[in-house]
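Computation of the quantities below employed the complete heavy-atom set of this structure, encompassing side-chain atoms and omitting hydrogens, waters and symmetry-equivalent molecules. Counting begins at 1 with the first residue of the sequence.
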Amino acid sequence: MKPQDTALSLDTILSKPCRGQSLTAGQISFLLELSHPEQRAKLFRTARNLRHQYFGNEIFLYGFLYVSTYCRNDCTFCFFRRSNSTSPRYRKSIQQIVSAAVRLADAGVHLIDLTLGEDPALFDSPGDKFAHLVELVTAVSKATESVLMVSPGVMADHVLAQLGQAGTTWYACYQETHQRRLFDRLRPGQNFDTRLEAKVTAHRLGLLIEEGLLCGVGETTSDIVESMEVMRRLDADQIRVMNFVPQPQTPMAGHAPADPHKEMLIIAVMRLVFPDRLIPASLDVDGLSGLKSRLDAGANVVTSIVPPGRGLAGVARPDLDIDNGRRTTAAVQAVLKDCDLQPAGTAAYRAWTTRRRNMISGNGLGRKIA
Ligand code: SAM
Ligand code: MD0
Ligand code: SF4
């Protein structure tokens, strides 16, 4: 295509989501490959306009508590994989997590995410393995007004049901990729279908679900296009992408870091494909200094807000910006202001989640997802 034709077709493609029309696989692929700074700027502007159309200038804030860094799995990209004897391990008590959660809620976060490795103390223990996790969710739910998310890895159906009854609204479990061969390289020994099915089940049980991609781990543009299609079939409520950050002492330590622009491009395309969904800008990849570019790409949730001074870790950047207070709501608000955005009210977030929960009831039954 001549530059002029490209510009023309770009405008036509970008105008489709604003008119409520969906993009074809070829158009999504075209957008993901944009390389001209001016064309990318147009894409980002469209993503921001769509965010405004659906969410005004309000952004949701999502606090992150890494409850246990023990894990029985050996994901090749993860610092906390079982085989990494150099990664710091801790397991916080229910009281420590409740206290950190109250602190986050007081600081104005809308959602608290309780994340765990597949801690052998839960997964490999005899008896009622997940009673402790259910107790934790119950305790945090009683102590704060915040909406709750759990990210504990793959859970059996009855445990998901119990977690829902205990007070969690969200279940997060990222597939990273929807290519089975790549999945097997990233998550060796884990089952692709079981991981995906857990999200279908969670939705069927009335929980909201977050699906996520890792970027820069060997995926192709057409893999990303296919992931978008799977996310559409899953009808995921929150969708994310994070650039891969190579971790020391892991099999992927020497892997080239992801193209820093790629995450922003994918965020923007996600906004065009899923204009009414929640799309995070994580502080866990580039810290506070990377927040503006993610918001400029159309994200509408700031994730990985972590209270300082409590020995809590991040995931992709285990300690970046935590103890210097740059992952707090106060630090985030300054950036929001710079972008002419503001934190939403608590009621607005609750209303959004209630509306979505009403919309999903009955979804996911008997559908083939991938
Ligand atoms: N153990 C649970 C699981 O794996 O579902 C919950 C942990 S969740 C916080 C871990 C997520 O962080 C992964 O699914 C991945 O998307 C992201 N992550 C982990 N290591 C990363 C890295 N090195 N770079 C970027 N993202 C990473
Ligand atoms: C984040 N570090 O929000 C967290 C994490 C897990 N559910 C989320 C990857 O970026
Ligand atoms: Fe464990 Fe999750 Fe890390 Fe995989 S990504 S090693 S399951 S903590």
Quiz question: by atom type and distance under 3.5 Å, do the side chains of Arg271 and Thr46 form a donor-acceptor pair?
no

Side chains of Gln238 and Arg277 in contact at under 4.5 Å (non-hydrogen atoms)
no

What pairs of residues pass the salt bridge (charged side-chain N to carboxylate O under 4.0 Å, His left out) test when at least one of them lies in residues 89-100, not counting sequence neighbours?
Arg91-Asp119

So that I can tick it off, tell me whether Lys129 and Asp124 are bridged by a salt bridge, with the cut-off set at under 4.0 angstrom between side-chain N and carboxylate O.
no

Suppose we call two aromatic rings close when their centres sit under 6.0 Å apart. Are His110 and Tyr62 close by that rule?
no

Going by salt bridge (Lys or Arg N to Asp or Glu O under 4.0 Å), name the residues that satisfy it together with Glu58, two or more places apart in sequence or in a different chain.
none

Considering only heavy atoms from C-beta outward, does the side chain of Arg356 approach that of Asp235 to under 4.5 Å?
yes

Does the distance from a Lys or Arg side-chain N to an Asp or Glu carboxylate O, for Arg180 and Asp193, drop under 4.0 Å?
yes

Exercise: do Ser282 and Arg294 side chains pair donor with acceptor under 3.5 Å
no

Between Tyr174 and Glu210, is any side-chain donor less than 3.5 angstrom from a side-chain acceptor?
yes

Report all side-chain donor-acceptor pairs from residues 345-352 shorter than 3.5 Å, counting only partners two or more places apart or in another chain.
residue: Tyr349; atom: OH; partner: Trp170; partner atom: NE1; Å: 3.0
residue: Arg350; atom: NH2; partner: Glu145; partner atom: O; Å: 2.5

Test of understanding: with salt bridge (Lys or Arg N to Asp or Glu O under 4.0 Å), list the residues that count as partners of Arg82, not counting sequence neighbours.
Asp74

Do Asp284 and Arg317 meet the salt-bridge criterion of a basic N to acidic O distance under 4.0 Å?
no

Tell me the side chain to side chain donor-acceptor pair (under 3.5 Å) pairs involving residues 47-56, sequence neighbours left out?
none

Pair Glu38 + Lys42, salt bridge at N-O below 4.0 Å
no

Could you tell me which non-hydrogen atom of Ile209 sits nearest to which non-hydrogen atom of Leu234, and how far apart they are?
CD1-O, 4.0 Å

Do the side-chain N and O atoms of Asn73 and Glu118 include a donor-acceptor pair separated by under 3.5 angstrom?
yes

Among residues two or more places apart or on two chains, list those pairs meeting ring pair (Phe, Tyr, Trp, His ring centres under 6.0 Å) that have a residue in residues 67-109.
Tyr66-Phe80

Decide whether Glu33 and Thr221 meet the rule of one side-chain donor and one side-chain acceptor closer than 3.5 Å.
yes

If we ignore angles and hydrogens, is there a donor and acceptor under 3.5 Å between the side chains of Gln179 and Glu226?
yes

